[in-house]
Amino acid sequence: MKYFTVVVFLVAAAAAQAQQLAVESAKLDVVDAPVLGSGEMEVEFGYQFFYGEVDDHPLASVHSHSAGTAHLGITRGISDALDICLSVCWCEMQEHGAESHAGAGLGDAGIGVKWQFAEGTQHALALSAMLQSPLGLTYGGGGLVPGAEAWSVTPALIAGVSAGRLSTAVNFALVLPLDAPALPPMQMTSVAMGWQLTAALQPVVEAALAGGVWEKGTTTSISAGALLSLASGLRITAGLRHVLAGHGVAEQGGFFRMTSGI
């Protein structure tokens with residue numbers, strides 16, 4: 001009986017501490033559901049780098065590739081339930097085999113909105129839509145184009161749920177080409193789970209599925225990293241990703257993101 005009482009006390013103490021702790025929305029690559037609020041503004045800078053090899057490429061028996069993308073985004077709270085954001089990126093791409101190709105240049109730009117239509121003490125739901133412009137420029141002897149082939153719109157449903165120190169975020173998005181009927185629509189589904197270890201540190205694990213809506217081929221990846229919340233609204237996320245299946249490529253890489261309020 002004494003040990004049972006001690007266990008109950010420890011569980012109650014942990015639950016009380018979790019209630020006092022501010023739990024961040026779990027996120028590495030996903031978009032979280034809460035909005036900034038009226039008049040608030042955030043600036044985000046990020047960089048991601050991925051590489052991989054495939055043994056059935058026509059250029060060589062073993063073909064390797066790498067890609068790095070830096071992006072800058074600005075988000076503004078229009079009202080207590082609506083955010084608007086602008087983003088642009090810079091891309092570098094390389095392919096190595098019997099021949100080598102490289103390209104670098106301005107990537108895609110986008111403008112989007114996020115509307116949080118439901119909020120509770122432990123949950124939030126939002127809808128978003130992003131209009132993406134194919135600003136990619138052709139550089140390098142290989143003629144690689146870092147960017148999308150067409151204008152597209154990306155509607156998404158975003159959900160966030162927390163329970164104690166546990167935070168979960170779910171994204172489901174469609175990428176719909178607007179001016180290229182030959183390009184198929186794509187879907188992107190991702191789930192992130194984080195545990196608020198301390199007030200400043202949240203380890204996060206994230207799984208993602210991406211591929212054609214009506215096609216069997218999908219890419220499955222898993223990421224592991226952490227969200228670091230610092231003073232003055234500064235947040236840093238960093239992680240490593242590995243592609244488990246899809247594209248015929250063993251692909252891995254990492255990413256870093258820094259967000260700060262203004």
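Side chains are part of it too, since the values below use all heavy atoms of this structure and drop only hydrogens, waters and symmetry mates.
Linking ILVMFWY side-chain heavy atoms closer than 4.5 Å, directly or via other members, places L201 and W195 in a single hydrophobic cluster. In the hydrophobic clustering of this structure, V113 groups with F172; members are Ile, Leu, Val, Met, Phe, Trp, Tyr whose side-chain heavy atoms approach within less than 4.5 Å, directly or through other members. Criterion: ILVMFWY side-chain heavy atoms under 4.5 Å apart, direct or through other members. Under it, V35 and F117 are not part of a common hydrophobic cluster. At a threshold of 4.5 Å between side-chain heavy atoms, the hydrophobic network of Ile, Leu, Val, Met, Phe, Trp and Tyr places W115 and L125 in one connected group. In the hydrophobic cluster analysis, where Ile, Leu, Val, Met, Phe, Trp and Tyr join through side-chain heavy atoms closer than 4.5 angstrom, L174 is grouped together with I111.
Distance check, rounded to the nearest 0.5 Å: CD1 of I78 to CD1 of I84 gives 5.5 Å. Residue L72 holds its CG atom at 10.5 Å from SG of C89, rounded to the nearest 0.5 Å. Note that the CZ atom of F49 and the CZ atom of F255 stand 14.5 Å from one another [nearest 0.5 Å]. The distance from the CE atom of M193 to the OG1 atom of T168 is 4.0 Å, given to the nearest 0.5 Å. Interatomic distance, CG of D32 versus OG of S167, reported as 8.5 Å (0.5 Å rounding). In this structure, Q94 CD and Y51 OH are separated by 14.0 Å, a value rounded to the nearest 0.5 Å.
Side-chain atoms of D179 come within 3.5 Å of backbone atoms of W151 as a donor-acceptor pair (strictly under, hydrogens ignored). A donor-acceptor distance shorter than 3.5 angstrom exists from the side chain of E206 to the backbone of D29, with no hydrogens or angles considered. Proximity of a side-chain donor or acceptor of R257 to a complementary backbone N or O of L28 within less than 3.5 Å is detected. Side-chain N or O atoms of K27 include none that pairs as donor or acceptor with a backbone N or O of V204 at under 3.5 Å.
With contacts defined as side-chain heavy-atom distances shorter than 4.5 Å, the pair L157/N171 does not qualify. No side-chain heavy atom of V170 sits under 4.5 Å from any side-chain heavy atom of S190. Between K114 and I158 there is a side-chain heavy-atom pair separated by less than 4.5 Å. With contacts defined as side-chain heavy-atom distances shorter than 4.5 Å, the pair T259/I236 does not qualify. Residues T69 and C91 are in side-chain contact: their nearest non-hydrogen atoms beyond the backbone lie under 4.5 Å apart. At least one side-chain heavy atom of Q116 sits less than 4.5 Å from a side-chain heavy atom of P34. Residues M41 and T75 are not in side-chain contact: their nearest non-hydrogen atoms beyond the backbone lie 4.5 Å or more apart. Two residues are said to be in side-chain contact when any heavy atoms from C-beta on lie closer than 4.5 Å; S38 and D80 meet this criterion.
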Can you give the donor-acceptor pairs under 3.5 Å from side chains of residues 221-231 to other protein atoms, not counting sequence neighbours?
unit_1, atom_1, unit_2, atom_2, d
S223, OG, R241, NE, 3.1
S229, OG, E24, OE2, 3.4

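Closest non-hydrogen pair, S260 versus L234, comes out as CB-CD1, 3.9 Å. When all heavy atoms of R165 and L21 are compared, the closest pair comes out as NH1-CD2, 3.6 Å. Summarising the geometry of T154 relative to A173, their closest heavy-atom pair is CG2-CB, 3.9 Å, with the distance given to 0.1 Å. Annotation for A124 and A33: closest pair O-CB, 3.6 Å, computed over non-hydrogen atoms.
In this structure, a donor-acceptor pair under 3.5 Å is present between the side chains of E44 and H71.
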side-chain contact (heavy atoms from CB on, under 4.5 Å), that's the test. Do L36 and E42 meet it? Break it down for me. CA-CA 8 Å; L36 296 180; E42 278 188 349; 3.4 Å; yes
Evaluate R76 against E40 for salt bridge (Lys or Arg N to Asp or Glu O under 4.0 Å), listing each step before the verdict. CA-CA 6 Å; R76 172 82 176 186; E40 299 294 323; over 6 Å; no
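Under the side-chain hydrogen bond (donor to acceptor under 3.5 Å, both in side chains) criterion, T189 pairs with Q187, sequence neighbours left out. Checked against side-chain contact (heavy atoms from CB on, under 4.5 Å), L183 has the following partners two or more places apart in sequence or in another chain: E149, A150, P177, A180.
The side chain to side chain contact (heavy atoms under 4.5 Å, CB included) test with V175 singles out one residue from M188, Q132, M130, and that residue is M188.
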